[in-house]
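Residues: numbered from 1 along the sequence shown. Atoms within a ligand are numbered from 1 in the order they appear, just like the ligands themselves.
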Amino acid sequence: MKRDKISKLLGCGEDGQEVIVCGWVRTKRKSKGFSFLVVNDGSCQEVLQVVADESLATYSAVESAGTGAAIKVVGKLKASPAKGQSWEVQALEVVLLGEADATYPLQKKGHSLEFLREIAHLRPRTNTFGAMFRVRNTLSMAVHNFFQSRGFVWAHTPILTAADGEGAGEMFSVTTLDLEGSLPKTDKKQTDFAQDFFGKRAYLCVTGQLEGEFMAQSLGDIYTFGPTFRAENSNTYRHLAEFWMIEPEMAFADLADDMDLAEDFLKCLLRDVVNKCPAELEFFEKMYKNIKVQELDDLANCSFARVSYSEAVEILSKSGKKFEHPVNWGMDFNSEHERFLSEETFKKPVFVYDFPKDIKAFYMRCNDDGKTVAGMDLLVPKIGELIGGSQREERLDLLLKRMEEMKIPMDNLEWYIDLRRYGTAPHAGFGLGFERALLFITGMQNIRDTLPCPRFPGHIEF
Ligand code: 4AD
Ligand code: MG
């Protein structure tokens, strides 16, 4: 079925050109012997008005095409007399491809985002979600463009794993054991995973970092970009059980290099989306009023702040603000602290680095003070933590000591430790939560509205 995408017609259509437009009817109205159908085909934010004369041989299709119907229109592109649109299509033939009756849930009135989440299979047809998923697409390509232009190799790290890469125990189990039947048991009466598919316990990955590290320890600079799973019971606007993460890893790099890369990366993403999705961003700015495109552009050109964890604790303690979770050295920041630092203190993205070792993962490099590790978080307004990263512990003895202290099981991480035995080198990387980046850029307020099928506690529909 040959067709002309609306995005293309609006860009370089010509008066009188014969076109074939396929799309879904947003609205229809009648006036003086004509029907006016507003059609969107998903290719862009804009709609195209189709004008159909009652005398058309195929007019019955127009009569039956209600809101939500899929239609094909053969017609002529004409400069539009109507305000706010450059082109319309004068129909020569209309084909009703798929009806939608009055039960179609997306009738013209506005719908709450909560309601739209219940019809995730239809919500991409709305302005909001069409815009979101096109921005998501542009942002994905921006990620690849950034790293590819710098010679980073895209590494495909596994989704199934035996190891807890963060040591935080927030893993989903994967098994083919018959959970309805009687599970095989060991002598000690524990489930015998030796009889499971992989011969040992398996999980969905919480990170691709550890495999990314061995790729970087041979290819130099790599990045991952893939789905990540966390079985944390967090019902918040910024947590998902399944999210996408980008994790670059650089050999021969330290924490300062890591922050430099993260800053360049985020700015490049902002610039790319501002340039390539003007209509979508303008829509988010006008509709939800949580972003200003100009400010996104300014951020892409400002320099991010950097403070040590200890300095950040001091800023928070002296701020005079009453936090729900009291501030003291050694605490992990909550979103209220993260947001205060980025929104009120610095009013822009800020890196916090050198965290107390007890609140960070086993792989972060120990600093000489014996108390902190070379980790960093990038905090941004409205979201809090957008990026988490670190220089990795490349020294064998110190890594082993840390893993013992933190009771990290070594049996599935021998290969990770091995890397420190053969040509170990300083290296660093970070992870950017892709959906959090989308929240930041679009100003949407719930992470569940940044991907087609959100997974969170109690929800696995669609
Ligand atoms: O800080 P995190 O847990 O760091 C890592 O996973 C490291 N392995 C990254 C690395 O150094 N290679 O997660 C990184 C980022 C967070 O800053 C946040 O943006 C996002 O991933 N993130 C989540 N996004 C949505 N839902 C969740 N449950 C998330 N958990 C983390
Ligand atoms: Mg983190």
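Checked for salt-bridge contact, Asp264 and Arg150 meet the test: a charged N lies under 4.0 Å from a carboxylate O. A salt bridge between Arg201 and Asp196 is absent, with no side-chain N of the basic residue lying under 4.0 Å from a carboxylate O of the acidic one. At a threshold of 4.0 Å, the pair Arg420-Glu213 counts as salt-bridged, since one of the basic side-chain nitrogens sits closer than that to a carboxylate oxygen.
At a heavy-atom cutoff of 4.0 Å, ligand 1 is contacted by the backbone of Ile387 but not by its side chain. Of the heavy atoms in Glu213, none comes closer than 4.0 Å to ligand 1. Neither the backbone nor the side chain of Trp244 comes within contact range of ligand 1; no heavy atom lies under 4.0 Å. Proximity of Arg230 to ligand 1, defined as any heavy-atom pair under 4.0 Å, is confined to the side chain (atoms from C-beta onward).
Nearest to atom 17 (O) of ligand 1 among the protein's heavy atoms is Glu385 OE2, 2.6 Å.
Any N or O atom pair closer than 3.5 Å counts here, and Ser390 shares no such pair with ligand 1. Looking at Glu249 next to ligand 1, no N or O pair under 3.5 Å apart turns up. Below 3.5 Å of separation, one finds no N or O of Phe243 facing any N or O of ligand 1. For ligand 1, one of its N or O atoms has an N or O atom of Leu240 under 3.5 Å away. Inclusion of Leu386 in the set of residues having an N or O under 3.5 Å from an N or O of ligand 1 is warranted. Taking only nitrogen or oxygen atoms, main chain and side chain alike, His239 does not reach within less than 3.5 Å of ligand 1.
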Leu177 and Phe193: side chain to side chain contact (heavy atoms under 4.5 Å, CB included), yes or no, with the steps? CA-CA 8 Å; Leu177 291 177; Phe193 288 100; 4.1 Å; yes
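Short contacts between ligand 1 and Glu247, defined as distances under 4.0 Å to a heavy atom of the residue, involve ligand atoms 7 (C), 8 (N), 9 (C), 10 (C), 12 (N). For ligand 1, the atoms lying closer than 4.0 Å to a non-hydrogen atom of Met245 are 6 (O), 13 (O), 14 (C), 15 (C), 21 (O). Listed by atom number, the atoms of ligand 1 under 4.0 Å from Thr207 heavy atoms are 8 (N). Atoms of ligand 1 found under 4.0 Å from any heavy atom of Glu232, numbered from 1 in the order shown, are 27 (C), 28 (N), 30 (N). Near Gly433, the atoms of ligand 1 lying under 4.0 angstrom from a non-hydrogen atom of the residue are 15 (C), 19 (O), 20 (C), 21 (O).
Classified by interplanar angle (parallel below 30°, tilted 30° to 60°, perpendicular above 60°), the ring pair Tyr309/Trp329 is perpendicular. Ring planes of Phe430 and Phe265: tilted class, angle from 30 to 60°. The aromatic rings of His325 and His337 sit perpendicular, their planes meeting at an angle over 60°, well past the 30° parallel limit. The aromatic rings of Phe304 and Phe351 lie tilted to each other, with the angle between the two planes from 30° to 60°. Under the 30°/60° scheme for interplanar angles, the aromatic rings of His459 and Phe456 are found to lie parallel. Between Trp154 and Tyr223, the angle of the ring planes stays under 30°, which puts this pair in the parallel group of the 30/60° scheme.
In summary, no N, O or S atom of Asp377 is located under 2.8 Å from the Mg ion (ligand 2).
Closest heavy-atom approach to atom 11 (O) of ligand 1 within the set Arg392, Arg238, Lys360, Met376: this belongs to Arg392. Closest heavy-atom approach to atom 4 (O) of ligand 1 among the candidates Arg436, Glu166, Glu242: Glu166.
The closest approach of Glu385 to the Mg ion (ligand 2), by N/O/S atoms, is made by OE2.
Judged by the shortest distance from any of its heavy atoms, Phe229 lies outside the 4.0 Å radius around the atoms of ligand 1. Glu435 does not count as a contact of ligand 1, since none of its heavy atoms falls under 4.0 Å from the ligand. No heavy atom of Glu170 sits closer than 4.0 Å to any atom of ligand 1.
Under a 3.5 Å cut-off, the side chain of Ser390 and the backbone N or O of Gly375 do not form any donor-acceptor pair.
A cation-pi arrangement, defined by a distance under 6.0 Å to the six-membered ring centre and an angle within 45 degrees of its axis, is absent between Lys382 and Tyr237.
A 4.5 Å side-chain heavy-atom check between Phe340 and Val327 finds every atom pair outside the cut-off.
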